[in-house]
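Notes follow the structure.
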Amino acid sequence: MHKQIKKSLLLFFVLLLVSFTACTKSDSKSKQKVTATEAQSNLQTELNPEIEKLNRVLLSMSDRCKAAIPNGDPEEFLADLHRVLEVEKNFRTDDLSLYYLIDKKHAVGSDYVPRDLIPVKGNELWNVSRNDLSLRPEAYAALEDLSRAALNDGIKLLVSSTYRSYQYQEGLFNRYVKQDGLELAERYSARPGTSQHQLGVAVDFGSITDDWGDTKMGKWVYDHAADFGWSLSFPQGYEDVTGYMWECWHFRYIGKEACRFQKKWFGNIQQFMLEFLDAWD
């Protein structure tokens, strides 16, 4: 019985639990299904109490997020989750977590500035488009690793945008609103306090144009970014999820383990994974 339960399908189990408990008591066949499902649920919970929490958190996620989660063993999911959370224990405690959820519904204050920002100057590893760039130390180190690997393949990365203060983002957003109107500006620019750039962990690479993804540099970053902990933030076709149009150039540093977790369980969509981690906490 235990072996059979361990092979249960994660999402299938969750959906069964919801649909079966919604059955009416007047249907004897439904009663049998409810009883069987509850028995399975109770046994799974006894074997691993976090199964109940996992079901609860998954049920709170959006339908599109649920649809992205592949069938799999819930205990395997939890084991992968705990590897991600173990990594988080090593994050510095005097700053926001590298998994911090920031989007149109989750913000930081105007006074938030990442600790110990490191200037990102042009050097032998990468080129820069401007001289006032900076990153959190963890992201800076990961950019070094990514850029070194790119150089080994004959590609020198161009870093075009990194940390932005609340005030800088405010001026940028207001300029875009004046230029294109509020409705369009909100599709491609973050309001102040809601930008990943303010966390000091996001990098815009290259030309910051849609065709960058088809360049040699863009293709290399797409193929290798996750190997160094960098995740594409705003993928194509997910504006309803992320709140923003596709940005092939915008990558956020979340760490290698989180990138693996995102790819394996969340359809490789950063927003889904970060929303899950936020709900889990």
Side-chain angles (χ1 to χ4, degrees), residues 88 91-122 126 128-143 158-209 225 229-235 238-255 258 269-275 277-279 281:
E88 187 176 28
F91 294 167
R92 60 188 304 164
T93 58
D94 61 348
D95 207 339
L96 296 177
S97 169
L98 293 173
Y99 305 152
Y100 186 84
L101 178 62
I102 186 169
D103 54 25
K104 291 187 174 182
K105 297 179 180 178
H106 304 84
V108 292
S110 59
D111 59 344
Y112 173 72
V113 178
R115 301 294 297 271
D116 303 325
L117 285 167
I118 299 177
V120 178
K121 304 292 186 181
W126 60 69
V128 295
S129 63
R130 41 193 286 189
N131 295 318
D132 59 347
L133 305 177
S134 58
L135 285 170
R136 273 181 64 158
E138 306 94 325
Y140 186 94
L143 177 62
L158 171 62
V159 179
S160 297
S161 185
T162 53
Y163 165 72
R164 298 176 191 162
S165 69
Y166 182 100
Q167 292 72 24
Y168 183 95
Q169 187 67 33
E170 184 175 38
L172 189 65
F173 180 77
N174 289 339
R175 176 159 60 88
Y176 289 143
V177 170
K178 185 176 181 180
Q179 172 184 302
D180 293 322
L182 178 61
E183 184 176 355
L184 179 55
E186 286 194 316
R187 295 182 62 198
Y188 66 82
S189 180
R191 287 178 178 270
T194 67
S195 172
Q196 291 187 352
H197 286 286
Q198 192 176 344
L199 300 181
V201 295
V203 170
D204 289 344
F205 290 103
S207 57
I208 315 186
T209 56
W230 292 93
S231 166
L232 180 70
S233 295
F234 310 121
Y238 286 86
E239 184 176 351
D240 61 315
V241 172
T242 66
Y244 299 103
M245 300 165 63
W246 171 52
E247 292 190 355
C248 62
W249 59 84
H250 181 114
F251 287 77
R252 172 176 174 171
Y253 178 68
I254 56 175
I269 303 301
Q270 179 193 117
Q271 183 73 18
F272 290 155
M273 185 203 63
L274 292 179
E275 286 180 356
L277 293 178
D278 182 70
D281 287 341

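Residues A107 and T194 approach most closely at CB-CG2, 3.9 Å, considering heavy atoms. Summarising the geometry of I102 relative to R252, their closest heavy-atom pair is CG2-NH1, 4.1 Å, with the distance given to 0.1 Å. Shortest non-hydrogen contact noted between S189 and Q169 is OG-NE2, 3.7 Å. Taking both residues in full, the closest heavy atoms of S231 and Q270 are given as OG-NE2, 3.0 Å, listed atom of the first, atom of the second, then distance. The minimum heavy-atom distance linking L133 with S161 is given by the pair CD2-CA, 4.0 Å. Among all heavy-atom pairs drawn from F272 and V241, the shortest one is CE2-CG1, 3.5 Å.
A side-chain donor from one of Y112 and D95 sits under 3.5 Å from a side-chain acceptor of the other. Judged purely by distance below 3.5 Å, without hydrogens or angles, the side chains of Q196 and S233 pair a donor atom with an acceptor atom.
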Can you check side chain to side chain contact (heavy atoms under 4.5 Å, CB included) on I254 and M273, steps first, answer last?
-> CA-CA 11 Å; I254 56 175; M273 185 203 63; 3.8 Å; yes
I would like to know whether Q271 and L101 meet side chain to side chain contact (heavy atoms under 4.5 Å, CB included); could you show each step before the answer?
-> CA-CA 8 Å; Q271 183 73 18; L101 178 62; 3.9 Å; yes
Would you sort out whether K104 and R191 count as a side chain to side chain contact (heavy atoms under 4.5 Å, CB included), showing the intermediate values?
-> CA-CA 8 Å; K104 291 187 174 182; R191 287 178 178 270; over 6 Å; no
Verify side chain to side chain contact (heavy atoms under 4.5 Å, CB included) between V201 and L135, making sure each step is shown before the conclusion.
-> CA-CA 6 Å; V201 295; L135 285 170; 5.9 Å; no
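Rounding to the nearest 0.5 angstrom, the gap separating the CZ atom in F91 from the CG atom in L96 is 12.0 Å. Distance check: W249 CH2 to I208 CD1 gives 7.5 Å after rounding to the nearest 0.5 Å. Atom CD in E247 sits 13.5 Å away from atom CZ in F205 (nearest 0.5 Å). Rounding to the nearest 0.5 Å gives a distance of 8.0 Å between CG of L277 and OG of S97.
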For residues 114-121, run the donor-acceptor check on the side chains, cut-off 3.5 Å, and write out each pair with its distance to 0.1 Å, sequence neighbours left out.
from, atom 1, to, atom 2, distance (Å)
D116, OD2, R92, NH1, 3.2
D116, OD2, R92, NH2, 2.7
K121, NZ, N131, O, 2.8

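Partners of Y244 by ring-ring contact (aromatic ring centres under 6.0 Å, His included), not counting sequence neighbours, listed by chain and number: F234. Take E239 and apply the salt bridge (charged side-chain N to carboxylate O under 4.0 Å, His left out) test, not counting sequence neighbours, and it matches R187. D132 pairs by the side chain to side chain donor-acceptor pair (under 3.5 Å) definition with R130, not counting sequence neighbours.
Annotation: salt bridge (Lys or Arg N to Asp or Glu O under 4.0 Å) contacts involving residues 159-170, sequence neighbours excluded, comprise R164-D204. Listed by first and then second residue, the ring pair (Phe, Tyr, Trp, His ring centres under 6.0 Å) pairs that reach into residues 161-185 are Y176-Y188, sequence neighbours excluded.
The shortest distance between side-chain heavy atoms of Y253 and V203 does not fall below 4.5 Å. Residues Y99 and D278 have side chains not in contact (no heavy-atom distance under 4.5 Å, counting atoms from C-beta outward).
Judged purely by atom type and a 3.5 angstrom limit, Q198 uses its side chain to pair as donor or acceptor with the backbone of G109. With T242 contributing its side chain and Y238 its backbone, the two residues share a donor-acceptor pair below 3.5 Å.
The side-chain contact (heavy atoms from CB on, under 4.5 Å) with R136 is formed by just one residue from the set L199, L98, T162; it is L98.
Other residues, nucleotides and ligands contribute over 12 non-hydrogen atoms within 6.0 Å of the CD atom of Q167.
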